[in-house]
Each structure stands twice: as C-alpha cells, then as structure tokens.
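I have placed the structure first, in the form of structure tokens, so that the comments after it can refer back to it.
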There are 2 protein chains.
Amino acid sequence: MDTRVHDILRRNQLSVTASREKILNLFLTNTRALAHADIEHKAGERFDRVTVYRTLQTFVEKGILHTIPTADNSVRYALCKNDCFEGHHHDNHYHFICSACGKTECLEEFVIPSVKVPKEYLANNVEIVVNGVCAACRKK
Amino acid sequence: MDTRVHDILRRNQLSVTASREKILNLFLTNTRALAHADIEHKAGERFDRVTVYRTLQTFVEKGILHTIPTADNSVRYALCKNDCFEGHHHDNHYHFICSACGKTECLEEFVIPSVKVPKEYLANNVEIVVNGVCAACRKK
DNA sequence: TATATTTTGCAACACAGTTGCATGTAAATA
DNA sequence: TATTTACATGCAACTGTGTTGCAAAATATA
C-alpha cells in the first residue's frame with residue numbers, strides 16, 4: 001500500500017489498520033467525492049458498514065476528510081487539501097455536483113464570495129453547492 | 001381555518017383536505033423553516049408519517065414549498081414566497097441556520113452572489129447555506 | 001515477545017423514508 | 001342533493017441508514 005497513506009494516518013495519531021489504509025487510499029486515487037455507499041460497495045472490497053461509518057467519522061474529526069452537503073440529503077466526503085486542524089475545518093472552497101453523472105468535485109481554484117447576513121447576525125461558515133453539468137457530460 | 005390556506009391549495013389544483021390545510025397553515029404561521037419531525041410531532045396535532053411525507057412532496061412539486069439542504073443531513077422545508085412554477089423553483093435567495101437555536105431562515109433580502117465554475121461547465125443552480133448565530137442567540 | 005490500548009465486526013436496535021392496498025373523503029356530475 | 005368518480009389517507013410491511021454495546025482481534029508500546 002502507498003506509503004503516503006501510512007504517513008497521513010501516523011501524522012494524525014491514528015493506528016494503521018487495513019480498513020483505514022484501504023478507505024483512505026480510495027480518496028487518494030479518486031478525484032471525485034465519495035458517498036458512504038460508494039465506499040461500502042467498492043468493487044473488489046467489502047467493508048463492514050459500522051467500520052466505514054466509524055472510519056469516515058474519525059477522518060472528519062482529524063481533518064483528513066470534509067463533508068459536502070447536498071440537496072438530495074446524501075452526504076459525500078472529500079479529501080481536505082488545506083491544513084485542517086482537528087474539528088476545525090477551513091476549506092476555503094465550494095462544491096460542484098453534476099446532475100448528469102453525479103460527480104462531485106471541490107472547486108478549489110475559486111474563492112468563496114462574501115455573503116451578507118442581517119444586522120446583529122454572526123456568520124461563521126458559508127456552504128456553497130453549485131448544481132449543473134460538467135464538461136464531460138455537456139459533450140455527450 | 002384560514003381562507004388563505006384554502007386559496008393556495010385551490011390555485012394549485014389540489015383537493016382541500018384537513019391534513020393539507022393544517023400542514024400548510026403551520027408554514028404560514030411560522031417564519032422559520034420546518035423539518036419533517038417538527039410537523040409530525042406538532043403540539044396538539046398528530047399526523048400519520050406517510051401523510052406528512054406525501055403532503056410535503058406534493059407541496060414541493062407544486063412549488064408551494066422549497067427544501068433547504070443542511071450540513072447535518074436533515075432536510076427542512078420553507079414557503080416559497082416567489083412565483084415558483086411546478087417543478088421549477090427559482091427562489092433567488094439563500095439560507096441561514098443558527099447553530100445555537102437551530103432556527104432556519106430564508107434570507108430573501110440579499111441577492112445570491114455570482115459564483116464561478118470551470119471552463120465548459122454549466123451552472124444551473126447555486127445553493128448557499130450560511131451557518132452562524134442569530135441576533136436573539138447572540139444577546140443571551 | 002508480552003501487555004495495554006485501540007479497532008473491528010457482529011448483533012441488535014432506533015429511526016427515516018417508501019410502497020401497495022383497502023378504506024375514506026372530496027370533487028364533479030347529473 | 002344524491003350519486004359517481006377520482007383522489008387522499010392510513011395501516012402494514014418493508015428497505016435503507018445510522019448508532020450502540022460488547023467480545024474478539026489487531027495494533028502500538030515497552
């Protein structure tokens with residue numbers, strides 16, 4: 001298995017186990033975000049549901065992954081490319097979901113626009129999800 | 001029951017039934033968005049789960065309600081104040097969720113900022129959810 | 001290698017959401 | 001208003017999702 005996977009786990013004070021290595025490797029070898037079901041039923045592998053839930057939760061807590069909220073009520077996960085500290089994500093980017101192929105991507109090259117909130121309100125975090133059609137699907 | 005409720009239902013070619021009247025009335029008398037559970041266990045009323053699901057689904061299809069995606073994976077519903085045609089929502093606003101009291105609001109007074117997508121991509125719809133603390137909770 | 005700690009996987013459970021179908025209710029027609 | 005038709009409701013049953021407790025297994029540490 002990739003030595004990079006091992007490094008990431010150790011850097012986050014996590015024991016290196018087969019499940020964690022395999023799941024983390026899925027994210028390193030996929031550019032698109034993955035849903036829980038994608039991981040559980042990944043070709044060739046079969047993980048226990050509970051292990052997948054706990055592994056994803058651990059990775060989010062450690063700042064290795066972040067979640068992407070979607071309108072259809074299915075949470076997807078993606079690698080944090082920035083430096084996220086434990087429990088304090090600050091991925092400064094928004095997300096794109098292709099309505100044709102379902103691909104979910106982090107748009108890291110664009111800055112989150114500033115949004116206004118009512119007077120006396122405090123805005124901590126802005127989640128933006130763009131729905132549309134990706135380049136590959138438009139050509140079909 | 002409010003005549004306004006009756007009018008909205010008739011305008012959308014929906015039969016006027018007790019459940020629809022009561023559920024729609026909840027939205028007219030609440031400024032905040034409601035989750036499925038809020039409706040099912042509403043004080044004094046008790047609706048069948050299936051009826052609530054089907055009613056909410058019908059209202060969304062007719063453009064009476066719209067859904068608000070949230071990071072915690074719980075869908076909330078709010079009244080569409082603009083003219084939404086069937087299956088084609090164009091509420092031009094974003095949403096605010098208070099992390100202290102859970103209140104969910106439509107921020108209709110602000111315009112959605114334009115966001116960029118990669119070349120060749122097509123953006124159809126932009127969902128923005130602002131997480132923070134509302135004025136009432138900040139004073140506590 | 002032996003021990004302490006953590007992780008895993010199973011079973012069981014709680015809850016969310018869906019479907020089919022028989023019954024009840026609202027709307028349309030005469 | 002009475003009757004017919006179409007639609008909405010509620011129940012039962014089911015699937016899927018996510019959680020918890022606990023014993024067994026694997027990992028880290030000395």
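Here is how names work: the chains are called A, B, and so on, in the same order as the sequence lines, proteins then strands, and each is numbered from 1.
As a whole-Å value, the separation of Q57(B) CD from dA8(D) P is 12 Å. Rounded to a whole Å, the OH atom of Y53(B) is 17 Å from the P atom of dT15(D). The distance from atom CD of Q13(B) to atom C1' of dA8(D) is 16 Å, rounded to the nearest whole Å. If you measure from atom NZ of K22(B) to atom P of dT9(D), you get 11 Å, rounded to the nearest angstrom. If you measure from atom CD of E21(B) to atom P of dT25(C), you get 15 Å, rounded to the nearest angstrom. In this structure, R10(A) places its CZ atom 6 Å from P of dT29(D), rounding to the nearest Å. Rounded to an integer number of Å, the gap from L14(B) CG to dA8(D) P is 7 Å. Put simply, CG on D48(B) is 14 Å from P on dT25(C), counting in whole angstrom units.
If you check every strand for non-hydrogen atoms under 4.0 Å, R20(B) touches sugar and phosphate atoms only. Nucleic acid contact class of R54(B) (heavy atoms, under 4.0 Å, all strands): base.
Between the side chain of R49(A) and the base of dG18(D), at least one donor-acceptor pair of N or O atoms lies under 3.5 Å.
Judged by distance alone, with hydrogens and angles left aside, the side-chain atoms of T58(B) form a donor-acceptor pair with the main-chain N or O of R54(B) at under 3.5 Å.
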**OP:** Evaluate the side-chain hydrogen bond (donor to acceptor under 3.5 Å, both in side chains) criterion for residues Y121(B) and E105(A): first the C-alpha distance (whole Å), next the side-chain angles of each, then the deciding distance (0.1 Å), finally the verdict.
**Re:** CA-CA 12 Å; Y121(B) 276 48; E105(A) 290 179 288; 2.8 Å; yes
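Listed nucleotides dC10(C), dT27(D), dA8(D) differ in distance to S15(B); the shortest reach to its side chain belongs to dA8(D).
A 4.5 Å side-chain heavy-atom check between N124(A) and L122(A) finds at least one atom pair inside the cut-off.
Note: Y77(B) and H66(B) fail the aromatic proximity criterion, with ring centroids not under 6.0 Å apart.
For dG9(C), the OP1/OP2 oxygens have a side-chain nitrogen or oxygen of T51(A) closer than 4.0 Å.
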